[in-house]
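Positions are given from 1 along the sequence.
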Amino acid sequence: MPIYEYQCAACGHQLETIQKFSDAPLTDCPNCQAPGLEKLLSVPGFRLKGGGWYETDFKTGAKKNLAGGDNAPACAGSGCGGACATAE
């Protein structure tokens with residue numbers, strides 16, 4: 001479930017809350033009880049960075065780095081860069 005940030009337009013109080021995607025947005029401020037909460041846009045608390053974090057972090061041995069480098073198989077199909085060979 002995502003974490004949403006809210007700020008009250010009336011008193012300026014900020015809060016974070018965990019909500020389901022299907023939950024209705026909060027409207028009433030827990031600090032001043034005014035119906036002025038607005039959802040804020042914010043960056044996530046983590047960032048996936050680099051060239052293939054899944055392949056480099058979760059694979060071991062001969063399966064590591066299949067999509068890159070000199071060991072990458074040539075694509076016989078539509079030019080997918082060798083990704084089709086990993087699906088076999």
Looking at every non-hydrogen atom in both residues, tell me the closest pair between Ala24 and Gln19 and how far apart they are. O-NE2, 3.2 Å

Within this structure, what is the SG-CD distance for the pair Cys8 and Gln33, rounded to the nearest 0.5 Å? 9.5 Å

Hey, is CG on Leu40 packed in by over 12 heavy atoms from elsewhere, all under 6.0 Å? yes

Please give the remaining members of the hydrophobic cluster of Tyr4, linking ILVMFWY side chains under 4.5 Å, ordered by chain and number. Tyr6, Leu15, Phe21, Leu26, Leu37

If every non-hydrogen atom of Asn31 is compared with every non-hydrogen atom of Cys11, which pair is closest and at what distance? ND2-SG, 3.6 Å

Only counting residues at least two apart or in another chain, list the ones meeting side chain to side chain donor-acceptor pair (under 3.5 Å) with Ser42. Glu5

Excluding sequence neighbours, so at least two apart, what forms side chain to side chain donor-acceptor pair (under 3.5 Å) with Gln14? Gln7

